[in-house]
There are 2 protein chains.
Amino acid sequence: MVPMSVTATQRRTAASEAWVLIAELVASQRSRTMCVCSEFDLAPGQLHALKWLDPESPKPMRDLATALACDNSNVTGIIDRLEDRGLVQRRPGAHDRRVKMLVVTPKGQALRHEIKARMEEAPEPLLRLDAEEQRVLRDLLRKALDR
Amino acid sequence: MVPMSVTATQRRTAASEAWVLIAELVASQRSRTMCVCSEFDLAPGQLHALKWLDPESPKPMRDLATALACDNSNVTGIIDRLEDRGLVQRRPGAHDRRVKMLVVTPKGQALRHEIKARMEEAPEPLLRLDAEEQRVLRDLLRKALDR
DNA sequence: GACAACGGTTGCCGTGGTCAACGTTCGCGG
DNA sequence: CCGCGAACGTTGACCACGGCAACCGTTGTC
């Protein structure tokens, strides 16, 4: 076995354990997420796409595909359905006629706002921490994610 | 607006912000999860099922459906594919002949072990915290999840 | 013994994941 | 200026999974 410093070993272990717990927390909230989907009659992919889109500045479909970590062709279908509902609009790119920019309609913006509000509600396990602990947790995550 | 104590307001805000950051962290690791899936040539559902199954004690399909927060009929297909690969086995229930217990084969156990090892690797953002911060993060999550 | 309830399977349908192939557009080098 | 490769989006095919309804065999209860 390759020798490893004590601190390096501990670093990996604690972070790994934290990661497992995070995965567990998210998994335990899966049904709640699904509830939000059915509440707004949106499929998961459509929900994620609408949540990611920026009403302030239209984004090319390519960027959405990257954000969702999926194929380009996949985004076509998702946007098709969002467009059918009048939540999003395809608009030809200004400088590059290959790209299509995704514009969130007013109707889409309203729905997006509701969705975000519902999804940002903290799950029960986190609410069991006291105020100080919650702040510490938030700050650690901010630091890790470089915010 | 309904009056609310300062502490209650702060509680909700900090926990909610933490939750948003957690969602962001998990989303940023989606492509890595997909890599693990393709690495072992398993679809996401099959991977989660195999990960959840307990080689030590067979579980009824019903419990798996509950754990995956999905319909019973869905589990049938997932187990079909895992069984076709010889990773799990259906076994008639001992006391109740309606239920089928899911047994992980030796081959399935080996694969499960590999999968868990790969999925437990901490993502890069968490590794940027120092050892002490990682421990604090882990302990907070443990407390929240009641471990 | 009839009957509701439960576990699992099957069918159908919609969503979304991959991949290959295609049309349009862009940028670059000859 | 022309040609060529690369990029963006779409389409088609195929599979994995999500829900729902209907069904069968079993179980527990009245």
Side-chain angles (χ1 to χ4, degrees), chain A residues 27 30-53 58-85 87-103, chain B residues 27 30-53 58-85 87-103:
Chain A
R30 235 182 73 90
S31 65
R32 217 195 61 178
T33 304
M34 290 303 145
C35 280
V36 177
C37 283
S38 69
E39 186 176 331
F40 296 107
D41 199 34
L42 281 177
Q46 300 170 33
L47 183 135
H48 287 127
L50 187 56
K51 194 155 63 73
W52 180 86
L53 285 174
K59 308 286 186 192
M61 299 185 64
R62 181 80 182 80
D63 289 10
L64 180 55
T66 303
L68 298 184
C70 70
D71 195 84
N72 242 339
S73 65
N74 202 342
V75 176
T76 299
I78 293 176
I79 297 301
D80 280 348
R81 288 156 208 137
L82 289 180
E83 203 170 20
D84 285 347
R85 295 197 188 197
L87 302 173
V88 181
Q89 232 179 335
R90 282 176 171 93
R91 165 186 295 204
H95 300 11
D96 188 337
R97 278 187 293 179
R98 287 174 300 181
V99 312
K100 294 185 184 168
M101 306 302 269
L102 298 175
V103 182
Chain B
R30 234 182 74 89
S31 66
R32 218 195 60 176
T33 304
M34 290 304 144
C35 280
V36 178
C37 282
S38 69
E39 186 176 331
F40 296 107
D41 198 34
L42 281 177
Q46 300 169 35
L47 183 135
H48 287 127
L50 187 56
K51 194 155 63 75
W52 181 85
L53 285 174
K59 307 285 187 192
M61 300 185 63
R62 181 81 183 79
D63 289 10
L64 180 55
T66 303
L68 297 184
C70 72
D71 195 85
N72 244 339
S73 64
N74 202 345
V75 176
T76 299
I78 294 176
I79 297 302
D80 279 348
R81 288 154 210 137
L82 289 179
E83 202 170 20
D84 285 347
R85 294 196 188 198
L87 301 174
V88 299
Q89 232 179 335
R90 283 176 171 93
R91 165 188 294 201
H95 301 9
D96 189 337
R97 278 188 293 179
R98 286 174 300 181
V99 312
K100 294 184 184 168
M101 306 301 269
L102 298 174
V103 181

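A, B, ... follow the sequence lines: proteins, then strands. Residue 1 opens every chain. Computed from a prediction, not measured in an experiment: that's the story for all the values here.
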Does the side-chain contact (heavy atoms from CB on, under 4.5 Å) test come out yes or no for B:Met61 and B:Val99, once each step is laid out? CA-CA 7 Å; B:Met61 300 185 63; B:Val99 312; over 6 Å; no
Assess whether side-chain contact (heavy atoms from CB on, under 4.5 Å) is satisfied between B:Val88 and B:Val103, documenting all intermediate values. CA-CA 5 Å; B:Val88 299; B:Val103 181; over 6 Å; no
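- Annotation: the span from A:Ile78 atom CD1 to A:Gln46 atom CD amounts to 7.5 Å, rounded to 0.5 Å.
- The distance from the CH2 atom of A:Trp52 to the CG atom of A:Asp63 is 5.0 Å, given to the nearest 0.5 Å.
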Check the pair B:Leu68 / B:Asn74 against side-chain contact (heavy atoms from CB on, under 4.5 Å), numbers first and verdict last. CA-CA 10 Å; B:Leu68 297 184; B:Asn74 202 345; over 6 Å; no
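- In this structure, B:Leu102 CG and B:Leu82 CG are separated by 9.0 Å, a value rounded to the nearest 0.5 Å.
- Taking OG1 from A:Thr66 and CG from A:Asn72, the interatomic distance works out to 7.5 Å, rounded to the nearest 0.5 Å.
- Taking 4.0 Å as the cut-off between side-chain N and carboxylate O, B:Asp80 and B:Arg90 count as a salt-bridged pair.
- B:His48 NE2 to B:Leu42 CG: the interatomic distance, rounded to the nearest 0.5 Å, is 11.0 Å.
- Between A:Arg90 and D:dG9 there is no side-chain polar atom (N or O) within less than 4.0 angstrom of OP1 or OP2.
- For the pair A:Arg81 CZ and D:dT10 C1', the interatomic distance rounds to 14 Å; values are reported in whole Å.
- Put simply, CG on A:Asp63 is 11 Å from C1' on D:dC8, counting in whole angstrom units.
- Straight-line distance from the CG atom of B:Leu47 to the C1' atom of C:dG17: 15 Å, rounded to whole Å.
- Atoms CG and CZ, from A:Leu50 and A:Arg81 in turn, are 14.5 Å apart once rounded to the nearest 0.5 Å.
- Rounded to a whole Å, the CZ atom of B:Arg62 is 8 Å from the C1' atom of C:dG7.
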Kindly determine whether B:Asp96 and B:Arg62 satisfy salt bridge (Lys or Arg N to Asp or Glu O under 4.0 Å), including the steps that lead there. CA-CA 13 Å; B:Asp96 189 337; B:Arg62 181 81 183 79; over 6 Å; no
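- Spacing between atom CE of A:Met34 and atom P of C:dG16 amounts to 10 Å, rounded to whole angstrom units.
- Residue-level contact check: B:Gly77 touches neither bases nor backbone, having no heavy atom under 4.0 Å from any strand.
- Checked against D:dG9, D:dC17, C:dG16, the side chain of A:Gln46 finds its nearest nucleotide in C:dG16.
- Across the protein-nucleic acid pair, B:Ile78 atom CD1 and C:dG8 atom P stand 14 Å apart, rounded to whole Å.
- Within residues 65-76 of chain B, the residues that have a heavy atom under 4.0 Å from DNA chain C are, in order of number, B:Asn72, B:Ser73, B:Thr76.
- Computed from coordinates, the B:Leu42 CG to D:dC15 P distance equals 17 Å when rounded to whole Å.
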List the protein contact pattern of nucleotides 21-26 of chain C with one symbol per nucleotide (5' to 3'): B for base contact, S for sugar-phosphate-only contact, - for none; contact means a heavy-atom distance under 4.0 Å. ---BBS
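- Inter-axis angle, ends of the helix from C:dG1-D:dC30 to C:dG30-D:dC1, five pairs per end, rounded to 10 degrees: 10°.
- One interatomic measurement links the two molecules: CZ of B:Phe40 to P of D:dA16, which rounds to 19 Å at whole-angstrom precision.
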